[in-house]
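Just so you know, ligand 1 is whichever comes first in the structure, and atom 1 is the first atom listed for that ligand. Just so you know, residue 1 is the first one in the sequence shown, and it goes up from there. In what follows, every heavy atom counts, from backbone to side chain, and hydrogens, waters and symmetry copies are set aside.
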Amino acid sequence: MSGQDSSNAGYDLVVVANRLPVDFSVGSDGEVEWQRSPGGLVSALEPVMKEADGAWVGWSGAPDLAHEPFEADGMLLVPVTLSAGEIERYYEGFSNDTLWPLYHDVIAPPTYHRQWFDSYRKVNQRFAEAAAAQAAQGAVVWVHDYQLQLVPKMLRELRPDLRIGFFDHIPFPAVELFQQLPWRHSIVEGLLGADLVGFQRGGDASNFLRSVRRLTEHTTRGSMVTIKNDDGTPGRSVRAAAFPISIDTAFFDELARSPEVQARAKEVREDLGDPEIVMLGVDRLDYTKGIRHRIKAYGELLQDGRIDPATATLVQVASPSRENVGAYQELREHVEVLVGRINGEYGEIGHSAIHYLHHSYPPAEMAALYLAADVMLVTSLRDGMNLVAKEYIAARSDLGGVLVLSEFTGAADELAPGPLLCNPHDIDGMKDIIARAAEMSSVEKRRRMRNLRRKVMSDDVAKWSKSFLGVLTAMPARDIYV
Ligand code: F6P
């Protein structure tokens, strides 16, 4: 890929994602100040973006922030402006109060509002236009995630010359749930505007293909969909397949080996009062993560006397997320009441049963926490992949630590049988598994962690993006342009 040429003919690789990979502000002199925002997607795409000198289309995260495209970190960043009302309807509303709960097996009830979908459609059109304006003739455009599912079709209408990929970072639900969505047809057709639609798990790709069969006239064969032309003749092909995402494994491995992080991990344990067992949960404060189920199980283990609050502690990092959405506000209330009750009951002066931290931390602090934790609890009720599980494994080159992992994560499909798998809905079962993790011998810990590292360390996120783009660019042109 050659990047932008001197005739300003556009970029050969354009990434379209809800958020830009930087936080930026515009000073009174009109100058942009930016800071790279932490997050998996930017490290996933950085190598390919740099190689291609690509462009990234996304929202700044703030209302009404408009700016011309600007260069940062070797990429062209193209801000898409959202008004406060659009943030409410497109982002908080349709993306995070309709699609998010629906795609996570209706753990919370999805809300269906026609005005929200209208806004989603308009904002998707804006993203599609911004991408179309940056892409060179025949360029590759890679659209990301559930906020932008209409973009592939809109983009194809604007620019039929492009090769379009879409990756869904979250689960794709069973058709029996998906068909609740009043706009299900538009969403499926929107996604089918892509040449390649990627999912975290084979099960998500199958769910999507079943929705295509049930809700459209198009035919499927294996992972391929043949799009029917308006006159009923077979047209272009779309492929739907799994591309499980990973993390920057070498980065976490090296970070956790650094003397500073190792010293910080020791300090964390000391600050916690040198308990025999440190358990850790790290999540966005989201109802899909099973935080309440985990804390309930932990509280009952204390109550039953199976875990001694004098020698064990649970650290729960719950980073603030989507704080204007009602379901997230309710969850925060519930979690904080539960933590307060357990701490009131089992805490002592100078010792808390649960250390609850409603903050985000930089990667080095996260790596220190992973190193300090004897047991990592990932108990999501539904999770596209769960990268925290992979970060924990990448950080544990000492082969210490036990991973308790929910069966309902994409990571469980890949990592079993290394972790202790649990069903977070089964509180008694989860209690047994947490107790087993706390008592596990170091021989068994080492054996399990060695197996887990064998899988995780060989599969990093750069490999993921290369493999997706490799399949997309290798698709025969006749599949794309017939
Ligand atoms: O998992 C889906 C996802 O959109 C991630 O891409 C993102 O890091 C996370 O949820 C938080 O999303 P938001 O942009 O809503 O803060």
*Under the side-chain hydrogen bond (donor to acceptor under 3.5 Å, both in side chains) rule, collect the residues that match up with W59, sequence neighbours excluded.*
none
*Heavy atoms, side chains only, cut-off 4.5 Å: are W56 and L45 in contact?*
yes
*Partners passing side chain to side chain contact (heavy atoms under 4.5 Å, CB included) against R213 (at least two apart in sequence or in another chain)*: L209, R210, T220
*In this structure, which one of K390, K455, R201 forms a salt bridge (Lys or Arg N to Asp or Glu O under 4.0 Å) with E414?*
K390
_Is the distance between the ring centroids of F199 and F208 under 6.0 Å?_
yes
Would you tabulate the polar-atom pairs, meaning N/O of ligand 1 against N/O of the protein, with distances under 3.5 Å, reported to 0.1 Å?
unit_1: ligand 1; atom_1: 10 (O); unit_2: R322; atom_2: NH2; d: 3.0
unit_1: ligand 1; atom_1: 12 (O); unit_2: R322; atom_2: NH2; d: 3.0
unit_1: ligand 1; atom_1: 14 (O); unit_2: R19; atom_2: NE; d: 2.7
unit_1: ligand 1; atom_1: 14 (O); unit_2: R19; atom_2: NH2; d: 3.4
unit_1: ligand 1; atom_1: 15 (O); unit_2: Y91; atom_2: OH; d: 2.5
unit_1: ligand 1; atom_1: 15 (O); unit_2: R322; atom_2: NE; d: 2.9
unit_1: ligand 1; atom_1: 15 (O); unit_2: R322; atom_2: NH2; d: 3.2
unit_1: ligand 1; atom_1: 16 (O); unit_2: R19; atom_2: NH2; d: 3.3
unit_1: ligand 1; atom_1: 16 (O); unit_2: Y91; atom_2: OH; d: 3.4

_Suppose we screen for side chain to side chain contact (heavy atoms under 4.5 Å, CB included). Which residues come up paired with E129, at least two apart in sequence or across chains?_
Q125, L158
